[in-house]
Every structure is written in structure tokens, then in C-alpha cells.
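These notes concern the structure reproduced below.
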Amino acid sequence: MNDLFLLPEERTALLRRLSEKRAAPHGDMLSLLSQPTPPEALQRVWAETAPTEGQPLILYVHVPFCISRCAFCGFYAHRTDDAALEAYTRRLLREIEREAGRGAFTEKPVDVVYFGGGTPTALSADQLRRVIGAIYRHFNVAPDVEFTVEGRIHGFDDERVRACLESGATRFSFGVQSFQTALRRSLGRRDSREEILARLETIKAICGDKVALVADLIYGLPGQTQEQWLEENVKTVHASALDGVDLYSLKVFPGLPLAKRMETEGWSEEERAARHAAACDWLAAQGWRQLSCTHWGRNALERNRYNHWAKTGADIVPFGCGAGGFVGDRSFMQTGDLAAWGRMVDADEKPLASALLKPANHRLRARLADQLERGVFDPDDFPGADLSPLLENWERAGVWVSLPDGGYRLTRLGEYYETKLAALLTGCLLSGMGGR
Ligand code: SF4
């Protein structure tokens, strides 16, 4: 029995173990068991790629440009520039048209479009209309599609909002991160709390109930007190025009200046887990619906389809420089090198950098993610692995509670550690060894 799968029964030791990087040593076991596709086979493999029966279809469109770099971001790629954005838009349209011309994904209804980045809202109103319009023109977009445009509130003016709305976007996802003005500015965000709230009201007034407004908030930021997290952020969400919110614990990539501040000003794991619980309990008490371990919706406008389906096995067709995708048994990564991406698009190639063939039982992780995202785990859905010692141990440790009709429900502590629990369970199930 591998004790790396064992979570200590005692609560303090459990927290210590889960907060270690090694807590989930087999977290990427799926990657370890995956086979890289030889570079010379990438174009042929893509040419043979077709929709997976029974899975939702997602189109993911990436825009790797931002007006500036935020202090906590490990994804920043390129600074916005009018000429570069126009050149990028033209090539993106060419990539979309070429894929549509192949025809493999043009008949099946598209359930979700996610326009992410970077910040797609960095594009002009005209560019947004052209890209969104191309998706609708070339693909069979379902009438109830969830079509998200991700971005910053700063610079997302009325013209851009109308361009998205009139072209068919149904959801705007903003990286607000915090409503605390001084904290925002120390992180490289430009607008004040008052400006964001006023802008959200205006966008809501323009879009009405045609578009869901959602935002990400981060807790555990250096300089943020635990009281401020609840009083100035979570409670502000409820008072704002937002329809949905994602609550994230701050993760800082090593090497960023913020990582240094985290050493002295960061929150402990126990504090973060407690703040996750406080925020969730507060939102639940106001009538918000919990849509995943981290995501909440105020009303039926917010469906959270992309976040859920992207983790649970949907086909994701990638477009754009640095976009990732997943179709059938393979994950795909498009080149993040802007010049190389441009050359490949100009040469009418799918601009892939790599692809991985997943092991035969890879869908097990999607099934597991589907359950944990909903805050439950039913071992009966995973026959063949004896998990009983693990299940009991984790219940004693406070990660979940058993349900009268079988299975388990994650506690707030389990929700906070969902990613690591998923990695641990995936490791146990894929290795077929059970655990404790
Ligand atoms: S806008 Fe988003 S992607 Fe761009 S630097 Fe800030 S956090 Fe990173």
C-alpha cells in the first residue's frame, strides 16, 4: 500500500499533508501514462479528428493579448498593439475558416463557445463582431449555446459590449479578482471598486437577461485581510450586477515578484480553507446556488457549462495561438509562439505544437471530476478498486461525510482541496491499487 495516498486521520496533519506539493504525487498520472504524438504525425492526426459521440462540443478561441501584466499572472503573453491585434484577428478568421472547410465539426451542434485569453475584450468592437460572427456563420451553434467572452472590465466600452451582444455572446466573464481599490492597483489592475460596480450596472442595463455577467475573485492576496475578503469582496458580489462568481485561492507562479510577498504576507492553508467555507456559507445563506466547488450562480442565467464540461470529457476544438483542446482520446496544444502560429496558419496547417494520446481508461478521470465538481463521490461508480480504507480515513479526517443512500458529500474542507483529492483518487483508481 502506497502511503502517499493516505491522508492522515488527524485534522492538523491532514491540512499539512494536503498543502504539500507532494500531496498528490500521481496528480498527473494521466499525463505520465499518455503517449506523445510524433511531431510529423500531428497534421495527419488532426485531419482524422472527429466529434466524440455522446460528448458536448466546445469551441475554444484564444486571444493571447493584454493591455498590461497583472502581478499574479503566469499566463501573460503579449501586450496589446493595434496592428498586432488586427493581424491576429485576420489569421484567427483564417484558422476558423480553414477548420470549417474541413467539415468535421460543422454539423454537430456546438454547445459552448469560450473566447478566452489573455483578454479577448482587448479586441476592437469590429474585431469582436468579425470573430464571433465567423463562429456563427461557419459552425452549427446550438440555440441554447453558452457563448462566453472573457476579459477585463477596463476598456470593455459600450461599443464592444454591443458588438458582443449583437453578434451572439451570452456570457461575459471578468477577471475582477478583488473589489478593493488599493489592492487592485497594487496588482496592476486599473479601475476602482466604484468604477467596476458602475460599469457592471451599465453592462447589465445594455444586455438585460440576454447575457450572464460572471467574475473571478481571488482570496489570500498579499495585503488582504480575512475580514476584507468577506466584507469587501464576497458581500460586494451580492450587491453587484453579477449573475455568477468563481472564488479562487491565490496561486502564485514561482519567480513572480508576488511570490516574495507571499512568504511574509500570504495566508496559511488553514486560513484559506476557512475563508472558502465562510464565503460559501454566506453566499448560500443569500440564496445563491453552488454550481461547483468554487462556482456560484445567483439565477438561471449562469449555467457554468464551460467550466464543468471542460473538466468532464467534452470535445474542445482549439483555435488561436496557445489554445488547448481535447477531442476523443487526445489532448492538443497549439503553438504559443506567435510567429510560428502565424506561419502555420498562413500555410493552412492546424497550428499544433503537440498532442497526447490518453490511456484507454482516461475517461475515468472525467467521471470522477464530474462527481467531485458537484461535491459528491460515489465509489459504486468505480468498481474494481477497493477504496474502503481510504473512504473511511478521509471521512474521519473531515474531507467528506457519508450519505444515507450511499456515497459521500464533500465538506467545505473537501471542496477547498477538491483538486488534490481528485488527483489522489485518480492515482488510486488508475493504478488499480485502492488506497487508504
Ligand atoms: S488580464 Fe488576465 S491574462 Fe492578462 S495579465 Fe491580467 S490576469 Fe493575466
Side-chain angles (χ1 to χ4, degrees), residues 60-82 84-85 88-89 92 113-124 127-128 131 148-157 160-161 164 169 171-193 195-196 199-200 203 213-224 229 233 237 242 244-262 266 294-295 306-307 310 318-324 333-338 341:
Y60 177 82
V61 185
H62 196 73
V63 178
F65 292 90
C66 302
I67 50 171
S68 57
R69 181 176 200 148
C70 305
F72 49 84
C73 182
F75 300 104
Y76 175 83
H78 304 284
R79 198 182 174 90
T80 51
D81 159 293
D82 287 349
L85 283 179
Y88 189 80
T89 302
L92 193 53
V113 181
Y114 196 89
F115 204 173
T119 43
T121 53
L123 296 181
S124 69
Q127 289 160 347
L128 287 164
V131 177
T148 301
V149 177
E150 186 183 74
R152 279 182 160 187
I153 287 178
H154 185 88
F156 193 41
D157 54 23
R160 286 177 169 86
V161 172
C164 292
R171 187 172 180 264
F172 296 148
S173 176
F174 301 114
V176 170
Q177 318 307 2
S178 172
F179 285 104
Q180 298 170 244
T181 303
L183 187 59
R184 290 178 53 75
R185 295 204 166 132
S186 77
L187 297 171
R189 295 276 158 159
R190 299 185 177 187
D191 296 328
S192 67
R193 166 195 185 84
E195 286 167 328
I196 295 172
R199 194 69 204 129
L200 285 170
I203 296 170
L213 304 187
V214 303
D216 294 345
L217 287 184
I218 298 178
Y219 55 95
L221 289 160
Q224 182 182 50
W229 161 244
N233 294 284
V237 167
L242 288 169
V245 66
D246 238 316
L247 309 177
Y248 291 114
S249 172
L250 175 66
K251 292 190 184 53
V252 181
F253 290 80
L256 291 179
L258 205 60
K260 198 84 196 134
R261 287 183 64 190
M262 289 290 289
T294 59
H295 198 89
Y306 174 75
N307 294 332
F319 297 97
C321 177
M333 184 53 70
Q334 304 218 134
T335 178
D337 177 329
L338 196 54
W341 174 80

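Counting from 1, the numbers follow the sequence of the chain as shown. Both ligands and their constituent atoms are indexed starting at 1 by order of listing. When reading the values below, keep in mind they use all heavy atoms of this one structure, side chains included, and skip hydrogens, waters and symmetry mates. As the structure is a prediction and not an experimental result, all values here were calculated from the model.
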Is there a donor-acceptor pair under 3.5 Å between the side chain of Arg190 and the backbone N or O of Gly155? no
For Ser68, take its heavy atoms, then give the atoms of ligand 1 lying under 4.0 Å from any of them. 5 (S)
Atom 2 (Fe) of ligand 1: the protein heavy-atom neighbour that sits closest, reported with distance to 0.1 Å: Arg189 NH2, 4.1 Å
Is there an N/O/S atom in Cys70 that lies less than 2.8 Å from atom 8 (Fe) of ligand 1? no
Would you say Arg69's side chain and Arg79's backbone share a donor-acceptor pair under 3.5 angstrom? no
Distance under 4.0 Å to a non-hydrogen atom of Thr119: what atoms of ligand 1 satisfy this? 1 (S)
Report yes if some heavy atom in the side chain of Tyr114 is under 4.5 Å from a heavy atom in the side chain of Arg171; otherwise report no. yes
Could you tell me which atoms of ligand 1, counted from 1 in the order shown, lie closer than 4.0 angstrom to a heavy atom of Gly118? 3 (S)
Proximity to ligand 1 by part of Arg79, non-hydrogen separation under 4.0 Å: neither
Closer than 4.0 Å to some heavy atom of Cys73 - which atoms of ligand 1 meet that? 3 (S), 5 (S), 7 (S), 8 (Fe)
Before giving the answer on side chain to side chain contact (heavy atoms under 4.5 Å, CB included), spell out for Ile218 and Lys251 the whole-Å C-alpha distance, their side-chain angles and the decisive distance to 0.1 Å. CA-CA 9 Å; Ile218 298 178; Lys251 292 190 184 53; over 6 Å; no
For Arg189, does its backbone N or O pair with a side-chain atom of Arg152 as donor and acceptor, under 3.5 Å? no
Looking only at protein heavy atoms, which one is nearest to atom 1 (S) of ligand 1, and what is the separation? Arg152 NE, 3.3 Å
Thr119 side chain vs Phe65 backbone, donor-acceptor pair below 3.5 Å: yes
Got Gln224 and Asn233 here, is their nearest side-chain heavy-atom distance under 4.5 Å? yes
If you scan protein heavy atoms around atom 4 (Fe) of ligand 1, the nearest is Cys66 SG, 2.3 Å
